[in-house]
Amino acid sequence: PKPLTSIEESHVFRMLQEDQEQPHEPRQSGSFKALQDYVESNGSKPMVTRSVKAPVTKPQATTSSLQKLPLCDKCGTGIVGPVVKARDKYRHPACFVCSDCGLNLKQKGYFFVEGQMYCEGHARMRMSPPEGHDLVTVYACVP
């Protein structure tokens, strides 16, 4: 390519000049064009419009102010009032009983055997030590 001696020799400059010299239709929005077509047709041509609804936002519930009730591990209902917590499970005081005899385990001690709570007597009956070993009950000290 031969070097340019002036800007007027540039292909890009000539293209821009030609573009400015040719007349252009004014740019219009779609809604303005639809309205103009309707007016020019004296109402005989239907006006095409589109309805748009504003977005609806759902109000968020304030869960931080509401406390969830713990569910009783035995009866499955919510616990309001005193709660007994044993091994990350919650129970009503009335539901804190042996799974076999129904003895209330409050101040008696409890034992978990296969996910169920038992009094000492029923826990011993459900557990059998390996042959040659004796069953020894160990009470955890809770400060």
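The first residue in the sequence is number 1, and the count goes up from there. For the numbers below, each heavy atom of this structure counts, side chains included, while hydrogens, waters and symmetry mates do not.
Inter-residue side-chain proximity for D100 and R126 is flagged as met; some heavy-atom pair is nearer than 4.5 Å. Using a 4.5 Å heavy-atom cutoff, the side chains of H92 and T77 are in contact. Counting heavy atoms from C-beta on, the side chains of M117 and F112 come closer than 4.5 Å.
When the side chains of ILVMFWY residues are joined at heavy-atom separations under 4.5 Å, either directly or via intervening members, Y110 and V84 end up in a single hydrophobic cluster.
When all heavy atoms of V83 and P70 are compared, the closest pair comes out as CG2-CG, 4.3 Å. Across all non-hydrogen atoms, the minimal contact from L71 to I79 is C-CD1, 4.1 Å. Heavy atoms only, all atoms of each residue included: H122 and C101 are closest at CE1-CB, 3.4 Å. The heavy-atom pair separating C119 from C98 by the smallest distance is N-SG, 3.4 Å. Pairing each heavy atom of F96 with each of A86, the nearest pair is CE1-CB, 4.2 Å. Considering every non-hydrogen atom in both V80 and L69, the closest pair reads CG2-CD1, 3.8 Å.
Expressed to the nearest 0.5 Å, how far CG of L105 lies from CZ of F111 amounts to 9.5 Å. R91 CZ to K85 NZ: the interatomic distance, rounded to the nearest 0.5 Å, is 14.5 Å.
Between R14 and E18, none of the side-chain N atoms (NZ, or NE/NH1/NH2) sits under 4.0 Å from a carboxylate O, so this pair counts as no salt bridge.
Of the options K74, E114, Q116, a side-chain hydrogen bond (donor to acceptor under 3.5 Å, both in side chains) to S99 is made by Q116 and by none of the others.
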